[in-house]
Amino acid sequence: MTTRYPFSEIETKWQQYWEDNKVYQTDLSLSENKLYHLNMFIYPSGAKLHTGHWYHYGPSDSWARYQKLKGKNVFEPMGYDAFGLPAENYAIKTGIHPYDSTIANINEIRKQLKRMGCMYDWDAELMTCEPKYYKWNQWLFLQLYKKGLAYRKNAPVNWCPNDHTVLANEQVLSDGTCERCGTSVIQKNLTQWFFKITEYAEQLLEGLDKITWPEKTKLMQRNWIGKSVGAEVNFQINGHNESIKIYTTRPDTLFGATYMVLSPEHPLLDKLTIQKFKDEVQEYRNSIKSLTEIERTSTVKEKTGVNTGAFAINPVNHKKIPIWIADYVLMTYGTGAIMAVPGQDERDWEFAEKFNLPIIRTVQPPSDFEGKAYLEDGPAINSEFLNGLYVEEAKEKIIKWLEKKAIGKSKVNYHLRDWLISRQRYWGTPIPIIYCEKCGEILVDEKDLPVELPYDVHFKPGGESPLINHAKFMNVKCPKCGMDAKRDPDTMDTFVDSAWYYFRFLNPHIDSDPFDKKLAEKWIPVDMYVGGAEHATMHLLYARFIHKFLRDIGYTNSDEPFSHLVHQGTITNQGAKMSKSKGNVVNPDQFIEKYGSDVFRMYLMFMGPYELGGDWSDKGIVGTDRFVQRTYELFNKFPDLLNQVTPKDVYELNQLNENEKLIYKKVNQTIKKYDEEINHFRFNTAIAAMMELLNEMKKLELCSKEIQCYSLKRFAILLAPIAPHLSEECFSILRSKESIFQKPFWFEPDPIALVEDLVSIAVQVNGKLRGTVEVPINSSQNDVKDLLLNDEKIKKHLDEKEIVKEIYVPNKIYNIVVK
RNA sequence: GCCGAAGUGGCGGAAUUGGUAGACGCGCUGGACUCAAAAUCCAGUGGGGCUCACACCUCGUGCCGGUUCGAGUCCGGCCUUCGGUACCA
C-alpha cells in the first residue's frame, strides 16, 4: 500500500519553494486586474496564534488563492497591530519591556503564520510600534488639528480604574465594563484629546449605501450614528430674559408639553432655580454625582427628579409650565433640556404620573387603545391649528410656524460622539503637542516628527503614564519662543494606528509620505476585507472617518476604505469565547503537528458556514485527514500523466465510455458548484463537493489516460485554494514543472457536460410522495403521465379515485390531486 | 425594553425562486483484510409500525395556527438561544 501523506516534509518543501521563488510577491504596478485582499491584522497581545486566528486567516487566504487562480492580481499583506495595553500590563507584571515582548511575540507569530502557508506578501509586512509607522499617526494628528478636527476639552469621560486610562464610548460595554479587562468603568472629568468624527456623521451614514457589507454591520453603524430629525424650540423663562432651548423629534406635540425637564448639569440651572427650591435642587445634583452613567441611564431604574420652582412659557399657547430637573435628561445630547409631552412619550408619562404633572393627549389614539403614552400615528387633537393633521403633516406645519415666528427651527441630531483618542499609557503613539506657559498648546513641527517613544522608562503598578516621569522626554523647548515647555504625556488610542494601515501596506517603507499616493490611487479601496464583527462600531467606523478625512485633504480619491466586508464567525470553546485569561485557548500547533496545515485549514472550513463560527471540537478532523490521504493515494496511482498524454479542453460525450462519461460530467459539475460556493465564502459546501468528486474518482481506473489526466488536472486545481501544499504536490506527481500559483489558471466547466439527460421526477398524490419516475430531460406532461400510470406503486393510490387536478413542474415534480 | 440573527438525525451541518428533507463528514452497526489490533476497504444508518425478507405504511425541520396541489422555505402568534443597544427627547 502507499505510504501515508508525508505532510510535514511536503509542506516545508512548498513553503520553501514559494519563498525562494517569491511566488506571492505582488507586482503593484499592474493594477489592471487588481484585488486588494485584506485581513484585519494581528493584535499580538502576548498570546500566540490560536485556533480563532486560524479560522480567520486560513479560509480567507483560500478565497484569495481562488481569486488568484481566476486571474486576479491579488495583494494579500499581513502585519501587526503592535501597540496596546496588554504588552504594557505584561511589563508591569514581569518587568519585560513592551518593545521586547512585542518583538518576541511577533517573531513567534511570523513563524506560525508561515507554517499556515498563506500567500502573504512578506515584503509588505508592517508593525505599528515602529517609529517609521507611528510617525504618520502623528502626522495625521497634525493634519486633523490644522482642520480643527483634533481638539482638547474637559469633559466627563470613561475611566477604567484597572487599566488606568480613559476609554472611548465604544470601548465601554453595555453593562458598563471595560471592553479589554472587564472592570466597571467610572466617570471622571478630565481634559482629553478628541477627534471630531461627528463632523462626518452624515457622510458616514450616507456612505453605508455604497458599500457591500453585511446588512447587520451597516445597521449597527446606522444605530451607532443614530440620526434623528426634529426641531429646536426656544421657551421663555417666566420672569427672566433668558430662554431655554430644547430639542424634540416631535414638534407636532408642542401643545401637549405640560412641563419641562433640564439635565442636572444644565448651565442655566443656578440662575433660574427659585430660592426656596435651591437646597433640594443642590441635594439632588449631589446625589446624581455619585451615580455612574450606567446607573443613571438604566431603564429599570425608577424616575427621579425635583422641581426648580421656575416656570417656562409654552410658546404655542403661552401657558406656564413648571421646570424640573431629572437625571434621565443628559447634558451630552441635544441641548440638555426637553419639553415633556407625557401624552406621547413613555418616559414623560411615567415621570408625570409619579409627580402628578398634567397630561394632555395631542394625538388621538384609536378607540381600542389601552396603553398610557400613545406613540403611533394619528390625527392631532387639543392642538388648535394642527388639529386633524397626522404626525408628519403636523410636524411640517409647526416647524414652518416656529421658523416664521423665530422661536425654533428644524434640527438634525446624532448619537455619535467625538472620538476620545488620548490614553494615559506608555505603549502607544506620543501625541505631538507641546505645552508652553507663554504660547500655550503648540504643534510639533512636521519636520521634527516622529516624536519618539523613549525606551528607558519605569513601569510601576499604580497608574500614571510612565512618560510623565521621563524628564528627557517631557522637557523640551517651545518651538515658538524657545522657553522651557512640556510634552503631552499621553499616547494615542491604538485604533488610530489601524484607521489607515491599509494605505501603508502598499509601501510600508516610504519616508516622504504616510503612504504611496500613486499606488493608493490604483489599489484603494480594499476590495475584500475580512475580520471580526466585534469591530463594527469601532475600528470600522474610525477607518471610514479617517479615510474620508484623507480624501478631503487630497490624499485619496475614494470615498470608502473597504468596498466588500466579510466577518468570520467566532470559534468558542465549551460555549465561551477563547481568551488567554480564561485559559480555554485551543492551540493549533498540536493539530499542525499531527495532521499538517492543509488538513487543519480544511477542517476549519468544513466545520460549517464561515460567518457562523461555532463551538470547537476536533471530532471530525479525521474526516478531512482521510480526504487528504485518499487524494494523495489517488494521484500516486497515476503519476507522470502530463508527460504521457495531452488531454483536450472539451470532449464529446458520445465518444466516451460509460465510466468516462460519468467522471467527465462529475468533474465539470463539481467545477461549477465549487466555483459558486467558494466565491461566496461557502467553504463547507465547496469541500463537500470535492469529497463527492473524490468518491466518484474510484471509476478513474476504468478510464482512458486522457480522461484520467483531464480529471486529475482539474481536481488538483480545485484543490489548490483549500489545500495549497497538497495541491502543488499532486500537480508535481503528474509531472508539472511549475507551481500552480506561479502561473495561475482556472478551468471553466463544459456546459454540455452540466446537462443531465435523465431526470428523476417525484410523483405525489395529494402532496405525498408515492414514487419517482426516470424520464429524459424536458419530457412532456403526457409522456410522464403515461409512465407513472404504469407504475404499480403509484397506480395503487389512484385506484377508485377521481382525479381533480394535476400539477406538472417539468423535471421536478408531478402532483395528482384525487378525491 | 428595543433592534438583528438563528433553532433540521447521536454530532458538525446540506437543501436555486415554495417542488423527492437529512448532501458531505463524524460517530455507530455489520462484513472483508489480520494470529490479533490499528489503519484501510465494502455495506447499512431519522423515529415508529409491519414483514422471513423485498416492499409498504406512518410520523418527522423549536411550539400553535394559516396560505397552497405542495411549506425547513411564505404569513400570523408564541418559546428558546446568541449578538447589538440601553431613558438619545
Side-chain angles (χ1 to χ4, degrees), chain A residues 1-2 4 173-176 214-217 219-220 222-224 226-228 230 246-250 253 261 263 293-294 296-301 303 326-330 332-341 344-348 350-351 413-417 533-534 536-537 569-570 572 575 603 606-609 611-615 617-624 626-627 629-630 633 676 682 684-695 698 760-772 792-793 796 804-809 811-818:
Chain A
M1 280 269 46
T2 34
R4 271 183 70 80
L173 302 181
S174 54
D175 62 351
E215 281 306 320
K216 206 182 101 186
T217 309
L219 188 66
M220 278 170 69
R222 282 191 191 103
N223 290 340
W224 193 263
K227 180 180 185 175
S228 83
I246 60 100
Y247 173 71
T248 178
T249 54
R250 292 295 299 278
T253 64
V261 186
S263 159
E293 179 102 350
I294 304 302
R296 249 182 85 167
T297 58
S298 160
T299 40
V300 289
K301 186 181 135 255
K303 297 263 176 299
D327 63 356
Y328 79 90
V329 176
L330 308 172
T332 45
Y333 182 76
T335 59
I338 61 158
M339 64 174 195
V341 189
Q344 274 76 228
D345 185 287
E346 282 169 340
R347 297 155 303 183
D348 296 346
E350 197 193 321
F351 194 83
N413 263 328
Y414 302 90
H415 288 188
L416 185 68
R417 312 281 170 88
E534 66 272 18
T537 50
T570 312
T572 53
Y603 177 57
F606 188 57
M607 270 172 48
E611 284 89 346
L612 230 67
D615 206 46
S617 156
D618 59 8
K619 266 171 77 181
I621 195 167
V622 291
T624 40
R626 280 176 199 151
F627 172 83
Q629 299 300 337
R630 288 169 59 201
E633 263 176 48
E676 278 166 10
R682 293 190 293 252
N684 54 333
T685 44
I687 291 174
M690 288 297 285
M691 287 173 166
E692 281 189 52
L693 178 58
L694 179 63
N695 291 338
K698 281 168 201 161
S760 137
I761 292 189
V763 182
Q764 299 181 338
V765 178
N766 287 348
K768 284 189 176 165
L769 183 71
R770 296 301 181 189
T772 55
E792 282 305 320
K793 285 184 280 183
K796 168 167 110 182
V804 186
K805 193 174 178 184
E806 291 165 71
I807 297 107
Y808 176 57
V809 182
N811 306 322
K812 287 229 163 105
I813 203 157
Y814 200 114
N815 190 9
I816 302 164
V817 184
V818 296

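By convention in this document, chain letters (A, B, ...) are assigned in the order of the sequence lines, proteins followed by strands, and residues within each chain are numbered from 1.
- Checked against salt bridge (charged side-chain N to carboxylate O under 4.0 Å, His left out), A:E611 has no partners two or more places apart in sequence or in another chain.
- When the P atom is used for both B:G60 and B:G48, the distance is 15 Å, rounded to whole Å.
- With a glycosidic angle no further than 90° from 0, B:G9 counts as syn.
- The side chain to side chain donor-acceptor pair (under 3.5 Å) check on A:D615 picks up A:T572, with sequence neighbours excluded.
- Taking only distance into account, the side chain of A:K805 never meets the base of B:U68 through a donor-acceptor pair shorter than 3.5 Å.
- Between A:T537 and A:G613, it is A:G613 whose nearest contact on RNA chain B lies nearer the 5' terminus.
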*With the sugar-phosphate defined as primed atoms, P, OP1 and OP2, and the base as all remaining atoms, what B/S/- string results for nucleotides 21-26 of chain B, 5' to 3', for protein heavy atoms under 4.0 Å?*
--BBSS
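- For the OP1/OP2 pair of B:A89 and a distance below 4.0 Å, the side-chain nitrogens and oxygens of A:Y328 include no atom meeting the criterion.
- Partners of A:R770 under the salt bridge (charged side-chain N to carboxylate O under 4.0 Å, His left out) rule, at least two apart in sequence or in another chain, do not exist in this structure.
- Counting only Watson-Crick and G-U wobble pairs whose two distances sit under 3.5 Å, RNA chain B takes part in these stems of three or more pairs: B:1-7 with B:79-85, B:10-12 with B:24-26, B:27-32 with B:40-45, B:46-49 with B:56-59, B:62-66 with B:74-78.
- Residues satisfying the salt bridge (charged side-chain N to carboxylate O under 4.0 Å, His left out) criterion with A:K227, sequence neighbours excluded, are A:E202.
- Separating the OH atom in A:Y328 from the CG atom in A:D348 is a distance of 4.0 Å, to the nearest 0.5 Å.
- Phosphate contact (OP1/OP2 of B:C59, side-chain N/O of A:K768, threshold under 4.0 Å): present.
- Here A:R770 does not reach the OP1 or OP2 of B:U20: none of its side-chain N or O atoms lies under 4.0 Å away.
- OP1 and OP2 of B:G83 both lie 4.0 Å or more from every side-chain N or O belonging to A:T570.
- No close placement of the A:F606 and A:F627 rings is indicated, their centers lying 6.0 Å or farther apart.
- In this structure, the side chain to side chain donor-acceptor pair (under 3.5 Å) partners of A:T685, at least two apart in sequence or on a different chain, are A:E677.
- Using P as the reference atom, B:G7 and B:U17 are 16 Å apart when rounded to the nearest Å.
- Atom C1' of B:U20 sits at a distance of 11 Å from the matching atom of B:A15, rounded to the whole Å.
- Under the side chain to side chain donor-acceptor pair (under 3.5 Å) criterion, A:N695 pairs with A:R630, sequence neighbours left out.
- Among the nucleotides B:G70, B:U20, B:A89, the one closest to the side chain of A:A762 is B:U20.
- Listed nucleotides B:A89, B:G12, B:C3 differ in distance to A:I338; the shortest reach to its side chain belongs to B:A89.
- Take A:Y814 and apply the side chain to side chain donor-acceptor pair (under 3.5 Å) test, not counting sequence neighbours, and it matches A:Q781, A:E806.
- Distance, A:I813 CD1 to B:U20 P: 6 Å, rounded to whole Å.
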